[in-house]
Each structure stands twice: as C-alpha cells, then as structure tokens.
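Taking it in order: structure first as structure tokens, then the write-up.
When a ligand or atom number is given, it counts from 1 through the structure's own listing order. Positions are given from 1 along the sequence.
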Amino acid sequence: MVKHITPRLNRRVAELRASGIRRIVDAAAHRDAAGQPVYAFHLGEPDFDTPEPIKKAAIAKLQEGQVHYTPNAGIPELRSAVAHDLYFRYQASVDPSQVLITVGSCEALSLALLAVLDVGDEVLVPTPCWPNYLQLPKLIGAHAIQVPLAPNTGFSIDPAQLEQAITPRTRALLINSPNNPTGNVISRSTLETLIELARSYGLWLIIDEIYQDIVFDGAEHISPFSLVRPGDPLIHIGGFSKSYAMTGWRIGYAVAMNDAFSAMLKAHQYLVTSATSFVQWGALEALSQAASRASMRNTYQLRYHLVEKALEQAGFRFTPPQGAFYVFARIPDAYPNSEAFCLEMLTEHGLGFVPGDVFGDAHADHFRLCFACATDELRAGLQKLSDIFHPSSERSNTK
Ligand code: PLP
C-alpha cells in the first residue's frame with residue numbers, strides 16, 4: 001500500500017495572526033451580501049477616485065507599449081521625481097540612487113525589515129501601530145517588541161520608554177507619523193531624540209510617512225529628512241495610496257541610507273523584479289497633482305470635524321487626531337472589551353469599527369473609526385451612532 005505523508009507548511013507563516021481588520025471586513029461583507037447595509041468605518045481606504053490626469057498618464061504609457069520590466073529600482077524619471085519631491089517638502093538631500101520604487105509601501109516596509117533583521121533580532125514598535133508592523137518581523141524569524149504608549153499623552157512616543165526597551169538584540173526602531181490608528185504626529189524634539197538614540201545604539205530608524213500629506217488644523221508633519229545628517233541610519237517608507245487615492249495601483253517607495261539601499265534592492269530583485277511599468281508613470285504624474293491631494297486633505301479635515309462633534313456628543317473619549325484619517329477612541333465603559341463592542345456595533349447596527357487590540361496587545365479598550373468613507377455615508381453612520389449613544393441612553397459613556 002502507498003503511504004501518504006502530508007507535506008507540512010512553513011511554521012513562521014503558521015504563526016502569523018490572521019489580520020484583525022480582515023476579520024471585520026469579512027463579517028461586514030457577509031452582512032452586506034445578506035442585504036443589510038454596513039457603514040464602512042473599518043476600512044483604511046480613501047473613497048475618492050484616483051485623479052484623472054494620473055489615470056490618463058498610466059493609460060497613455062500602457063497604449064504606448066510600456067509593458068515590459070523596468071530597471072529593478074524603478075524608472076529613473078520617478079526615482080528623480082521622488083527625490084525632488086522630498087527636497088521640495090523637507091529640503092532633504094536625497095540622491096535618486098537612494099530611491100527604490102516598490103509594489104506599495106507594504107513591499108517597501110517588508111524590504112526594510114528583510115534588509116536589517118536577522119533571525120532572533122528585535123525591532124521596537126511603539127503601539128498602537130499598523131498591524132503589519134507586528135506580523136511582518138515574524139516572517140523573518142525576528143520579533144516585534146511592542147512598546148505601548150499612554151492614551152493620556154494622546155499616544156505620543158516617549159523616547160525614554162523606547163530606550164528602556166532596547167536590548168543587545170535590538171536592530172531597529174519602527175515608527176509611523178502621522179500615525180494609523182491614532183492620528184498622532186511625532187514632534188520635532190521627539191524625532192531629534194529618536195535619531196540620537198538610533199545613532200548612539202547603532203539602530204536603524206525606519207519611519208513610515210505614508211500619511212505625510214494628511215495633517216489637520218495647523219499641525220505640522222516633521223520628517224526626519226529635515227533633521228538627519230549624511231550617514232544617519234534612516235529608512236523612509238513612502239507611498240501614493242493615501243495621498244492620491246491609489247490603493248489599488250500598488251505603488252510605493254523607500255529611501256534608504258548607507259548600505260540599506262543595496263540590501264533592499266537585492267531582496268526586491270528576487271521578490272518582484274520591478275514595480276509595474278505603466279503604474280510607475282501614473283505615480284510620476286501623481287507627484288505633480290498637489291491641488292488634488294490638497295483638496296482630498298481638506299475633505300478629510302471637514303469629515304473629521306463631523307466625527308469629532310458626533311463622538312463628543314455621544315460621550316466618547318479620544319484625543320483629536322493631528323493627521324491621517326482615523327480616530328482611536330475609548331470603548332464605552334459598559335463593554336468588556338473592544339472585540340465585544342465592535343462585534344455588537346457591526347451585527348446589531350451595521351457600524352464597522354476595528355477593535356483596538358488589532359493595533360497592539362495593550363489597546364483592547366479602544367476602537368478605530370476611519371473617516372475616509374464618503375461624506376454622506378459618514379453622516380448617516382454618525383447619526384446611527386448618536387442614536388445608540390445618546391447622552392441619556394444607559395450605554396452612554398462616562399466622560
Ligand atoms: N503604512 C501604513 C501606516 C498604512 O496604514 C498602510 C495602509 O493602510 C500602508 C502602509 C500600506 O500602504 P500601501 O497601500 O502603499 O501598501
């Protein structure tokens with residue numbers, strides 16, 4: 001008799017936690033399919049269409065026959081334009097040869113971690129954070145060390161707290177500003193201290209600035225590019241998804257200092273060869289669309305004000321975001337945890353929120369509301385929330 005042996009799967013992949021956001025997305029899709037509407041406050045995706053000139057530029061290049069591999073690091077025109085854009089914004093002295101065009105900023109982040117982490121190494125991640133930061137290091141056999149930030153500081157990074165978490169295995173600090181999910185923008189003085197920490201402990205400072213264009217009410221996004229010296233161990237992650245409503249195009253970039261660039265390029269060559277040819281031309285056009293990105297930012301700001309008013313009236317506690325398009329609010333006291341709260345909101349009221357512990361183990365008393373959905377949907381969903389948590393209601397929060 002022939003013996004059948006079941007092949008086994010990779011253990012590191014088995015250890016990845018299923019995306020908590022996906023769980024809510026799937027439950028929402030189920031509800032939607034059953035004809036019950038869902039207010040999609042759980043998705044971190046702009047509702048806008050990609051601006052027309054960007055589409056036209058990509059279509060023109062596609063029709064022209066730009067359908068082949070491009071140079072591995074990206075088309076020279078886009079690499080130069082990214083370097084110029086960063087100079088224009090931050091007076092960053094970035095050479096185009098340090099710019100790597102990637103398949104979304106997701107790939108840029110994966111490459112950065114692949115380039116700097118070995119098996120058993122640690123990367124410090126202040127939480128709440130975008131969930132990928134906690135899972136990706138596992139693929140390399142490395143560890144994301146969560147450094148939970150305090151809600152009463154608006155989840156601001158405390159460099160002393162990060163310094164205490166450094167061990168001989170620490171290789172990198174991974175930060176995000178403006179932050180998903182809190183909207184916190186890292187201050188100049190904190191960034192200066194973090195750069196100093198990276199220098200003195202020999203760590204890479206990896207910063208994800210994908211929300212750099214979306215800041216509110218006079219807040220200023222400071223990039224480490226304005227503060228670093230040549231030779232500093234910086235890797236910047238950037239992208240087009242959020243600023244230009246290009247999530248489905250899958251295009252982003254990294255700027256990597258010192259020898260990180262060639263390490264990331266090597267990994268990128270084997271993983272994807274190059275980003276999609278005509279998409280890179282669309283991204284090039286995007287960088288000249290300052291008016292479109294400003295108009296989207298203004299709309300996010302207006303939407304935030306609607307959210308702020310509704311959440312305050314319903315008695316929710318939260319720190320106003322300075323950027324991105326999320327509010328990270330405390331769950332009402334009547335609920336045991338965020339999962340229970342989000343599940344009830346979705347199944348009973350069609351309100352899609354993401355439980356706080358998806359963004360770090362210490363945050364199960366919070367939930368994330370995304371206001372990148374259409375303004376009408378936002379208004380209707382907020383009305384629903386106000387109806388449930390009217391100040392006179394029993395389940396109302398305590399302020
Ligand atoms: N970085 C952060 C902080 C995000 O929130 C997201 C998406 O939600 C990404 C990166 C992914 O961006 P991209 O679409 O460029 O891969």
Do any nitrogen or oxygen atoms of ligand 1 lie under 3.5 Å from a protein nitrogen or oxygen, and which ones?
| from | atom 1 | to | atom 2 | distance (Å) |
| --- | --- | --- | --- | --- |
| ligand 1 | 1 (N) | Asp208 | OD2 | 2.6 |
| ligand 1 | 5 (O) | Asn180 | ND2 | 2.8 |
| ligand 1 | 5 (O) | Tyr211 | OH | 2.8 |
| ligand 1 | 8 (O) | Lys242 | NZ | 2.7 |
| ligand 1 | 12 (O) | Ser105 | OG | 2.9 |
| ligand 1 | 14 (O) | Ser241 | OG | 2.6 |
| ligand 1 | 14 (O) | Arg250 | NH1 | 2.8 |
| ligand 1 | 15 (O) | Ser105 | N | 2.8 |
| ligand 1 | 15 (O) | Ser105 | OG | 2.9 |
| ligand 1 | 15 (O) | Ser241 | OG | 3.3 |
| ligand 1 | 16 (O) | Ser105 | N | 3.1 |
| ligand 1 | 16 (O) | Cys106 | N | 3.0 |
| ligand 1 | 16 (O) | Arg250 | NH2 | 2.8 |

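Residue pairs meeting the ring pair (Phe, Tyr, Trp, His ring centres under 6.0 Å) criterion with at least one partner in residues 59-80, sequence neighbours excluded, do not occur; the list is empty.
In terms of heavy-atom proximity, Leu100 sits nearest to His268 at CD1-CD2, 3.9 Å.
Relative orientation of the Phe353 and Phe41 rings is parallel, given thresholds of 30° and 60° on the angle between their planes.
Using a 4.5 Å cut-off on side-chain heavy atoms (C-beta onward), Asn184 and Phe328 make no contact.
A salt bridge does not link Arg171 with Asp118: none of the charged nitrogens is closer than 4.0 Å to a carboxylate oxygen. Using a cut-off of 4.0 Å between Lys/Arg side-chain N and Asp/Glu carboxylate O, Asp121 and Arg169 are scored as salt-bridged.
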